[in-house]
Amino acid sequence: MKNLNVKLHILAPLTAIVVLSLWFLPSTAFGIEGLTIVQQRTIAIFCYAALMWMFEIIPAWATSVTTIVFLLLAVSNKGLTNPEMGMLVNFRELMASFADPIIMLFLGGFVLAIAASKVGLDIVLARVMLKPFGTNPKWVLLGFLTLISVMSMFMSNTATAAMMLAFLAPVLRTLPVDGGGRVSLAMSIPIAANIGGLGTPIGTPPNAIAIGQLAAMDINVGFGSWMIRMVPVVIIMILFAWWLLMFLFPFKAKNVKIVIQPDEHHHIGWEFWVVTCTFIVTILLWMTGELTHLNSNVVALIPFAVFALIGIFKKEDFEKIDWHVLWMVAGGFAIGTALSKTGLAAALVEAIPFGSWSAIAVLIIAGLLGWLLSNFISHSSAANLLVPILAVVGTAMSEQFGAFGGVTTLLVCVAASTSFAMLLPISTPPNAIACSTGLIKTKDMTKVGLIIGLVGIALAYAVIIIFPFA
């Protein structure tokens, strides 16, 4: 009750004051040349969403839905707008946030997890994959972090998180309901998925974007050269995350063992083997996307189609899907669309006087900017926005950057910084997937995300600068 009063009587009015101030301030107060009315409105709505998500004044999905409606009314071409206000966003693009391809990947992942649970495959998977890590909860937690991070190096981090969700439930059932260990295990999914993608050039799109830009500048960064520097960063950060989670969310009960017993209610029949084969095929297709040219979002719908066709997934199973998570994620996509299509994101980046700073200042600010943007728009969008601009800046300041490894260091550091963006449930799809467990509070995710982000960026920078790419 006390927290509710604080939210209603302090945080809600504070949010309203900030948002309304940003909405009605003179455009010159923002220090961004040529700021349009639509861009100013986008800033105000962006702050509304960020504050509402952080303070949890209303449920996260409700914040997302209201954010999309506000954007439709305030910045779309079918809202309370006119072309003189600036670049308007096509209303279809904002509404498409509810059916973004990533939303379909979420849906497919949830269906896969539901089907695995129905036939008992989740228990079998959990027993097999976690067996090498024993029964001590702290080693099982390390097992989760290790498995997820390794898989995220070679397949979509969202697909990895969706798959891991399938056998998290049987592990959670072995722990006390009121213990912090349940939070640690749920939080390990997004942390490991986000960090793991840093390990290889194909682990996450920003890596490929940076390497592609460098290749266009006749600078080659090889697969092995990347991994030699980045895999140690992943290993150190996974161990740090393991310690941090146990420190912040310790396993409450002493001498508890995670022993996953076979479920006597399930028998291994044709349904079990259909789900198992579909699960294996889906994972293989996720891992071989570059060979098959099948998008991971498309692959995620294959199990949905198979299970619906043969009757494993039934009408009543729709009630088990975490629809609120899908709507929550949609709000993040809508904000990203508005920031991009109104030209606000590009205006913000261009307003930063990189050319007048020292090389070390550019390195630090560029990394922090990449990290900050990636918490609110997709990591790919943030990298696509920053990398081309910073390539020009780095080339122009080649002499200053010579001591730090040249423009390669700048672009790789920015790409690395995006992997540590995990402040909010909408920051990355794995964050949202973890929130579907109902175990993670936004304030806890923000606290862990802030620590992991700052430590991770500092470590990545140190490794890249000390051991620059040749």
Side-chain angles (χ1 to χ4, degrees), residues 133 138-158 160-161 164 183-207 210 223-250 363-364 366-368 370-372 374-375 379 382-383 409 412-424 427-431 433-434 440 444-469:
F133 299 95
K138 70 176 183 179
W139 295 115
V140 172
L141 175 61
L142 180 61
F144 261 86
L145 289 164
T146 303
L147 288 171
I148 298 169
S149 62
V150 170
M151 287 188 289
S152 292
M153 291 184 190
F154 302 98
M155 60 188 279
S156 159
N157 59 5
T158 307
T160 301
M164 295 300 290
V183 179
S184 289
L185 287 167
M187 199 88 79
S188 69
I189 292 178
I191 290 174
N194 292 323
I195 293 174
L198 181 63
T200 65
I202 62 171
T204 183
N207 297 358
F223 204 100
S225 180
W226 181 283
M227 290 189 67
I228 286 173
R229 292 161 178 80
M230 295 307 184
V231 169
V233 174
V234 172
I235 293 172
I236 294 171
M237 286 308 301
I238 287 298
L239 292 174
F240 174 74
W242 180 42
W243 169 83
L244 182 66
L245 289 174
M246 289 192 297
F247 177 75
L248 294 177
F249 313 105
L363 270 172
I364 294 172
L368 291 176
W371 174 74
L372 184 62
S374 296
N375 277 296
H379 294 186
T409 295
V412 173
C413 282
V414 170
S417 69
T418 64
S419 290
F420 295 107
M422 55 187 92
L423 282 180
L424 299 169
S427 294
T428 69
N431 282 28
I433 287 173
I440 302 174
D444 292 334
M445 179 168 282
T446 301
K447 177 169 59 179
V448 172
L450 183 62
I451 297 171
I452 293 286
L454 296 180
V455 173
I457 291 172
L459 177 64
Y461 268 50
V463 170
I464 297 167
I465 291 173
I466 295 172
F467 304 103
F469 290 84

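Every value quoted in this text rests on a predicted model; they were computed, and no experiment measured them.
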Rounded to the nearest 0.5 Å, what separates atom [atom1] in [X] from atom [atom2] in [Y]?
X      : Y      : atom1 : atom2 : value
Leu423 : Lys447 : CG    : NZ    : 13.5 Å
Tyr461 : Thr409 : OH    : OG1   : 10.0 Å
Leu145 : Leu185 : CG    : CG    : 8.5 Å
Met422 : Thr418 : CE    : OG1   : 10.0 Å
Thr446 : Ile451 : OG1   : CD1   : 11.0 Å
Ile195 : Ser152 : CD1   : OG    : 10.0 Å

Inset, instruction - Name all residues meeting the ring-ring contact (aromatic ring centres under 6.0 Å, His included) criterion together with Phe249; count only those two or more places apart in sequence or in a different chain, and write none if there are none. - result: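 With neighbours one apart ignored, the set is empty.
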Legend entry - Partners meeting ring-ring contact (aromatic ring centres under 6.0 Å, His included) with Trp226 (sequence neighbours left out):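 For Trp226, no residue satisfies ring-ring contact (aromatic ring centres under 6.0 Å, His included) once neighbours in sequence are set aside.
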Mind checking whether [X] and [Y] have side chains closer than 4.5 Å, heavy atoms only?
X      : Y      : answer
Met237 : Val455 : yes
Leu198 : Thr204 : no
Leu363 : Ile465 : yes
Val231 : Thr200 : no
Ile452 : Phe240 : yes
Val234 : Ile238 : yes
Ile189 : Ile148 : yes
Ile191 : Leu245 : yes

Is the backbone N or O of [Y] less than 3.5 Å from a side-chain atom of [X], with the two atoms forming a donor-acceptor pair by type?
X      : Y      : result
Ser374 : Trp371 : no
Asn194 : Pro190 : yes
Ser149 : Gly196 : no
Ser417 : Leu368 : no
Trp242 : Ser188 : no

Looking only at non-hydrogen atoms, find the nearest pair between [X] and [Y] and report the distance.
X      : Y      : value
Ile464 : Cys413 : CD1-SG, 3.8 Å
Ile440 : Ala434 : CD1-CB, 3.7 Å
Gly199 : Met227 : O-CG, 3.4 Å
Val448 : Met187 : CG2-CE, 4.0 Å
Ala366 : Val414 : CB-CG2, 3.8 Å
Ser184 : Met246 : OG-N, 4.4 Å

Legend entry - Side-chain donor-acceptor pair present, Asn431, Thr428, cut-off under 3.5 Å: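 Yes.
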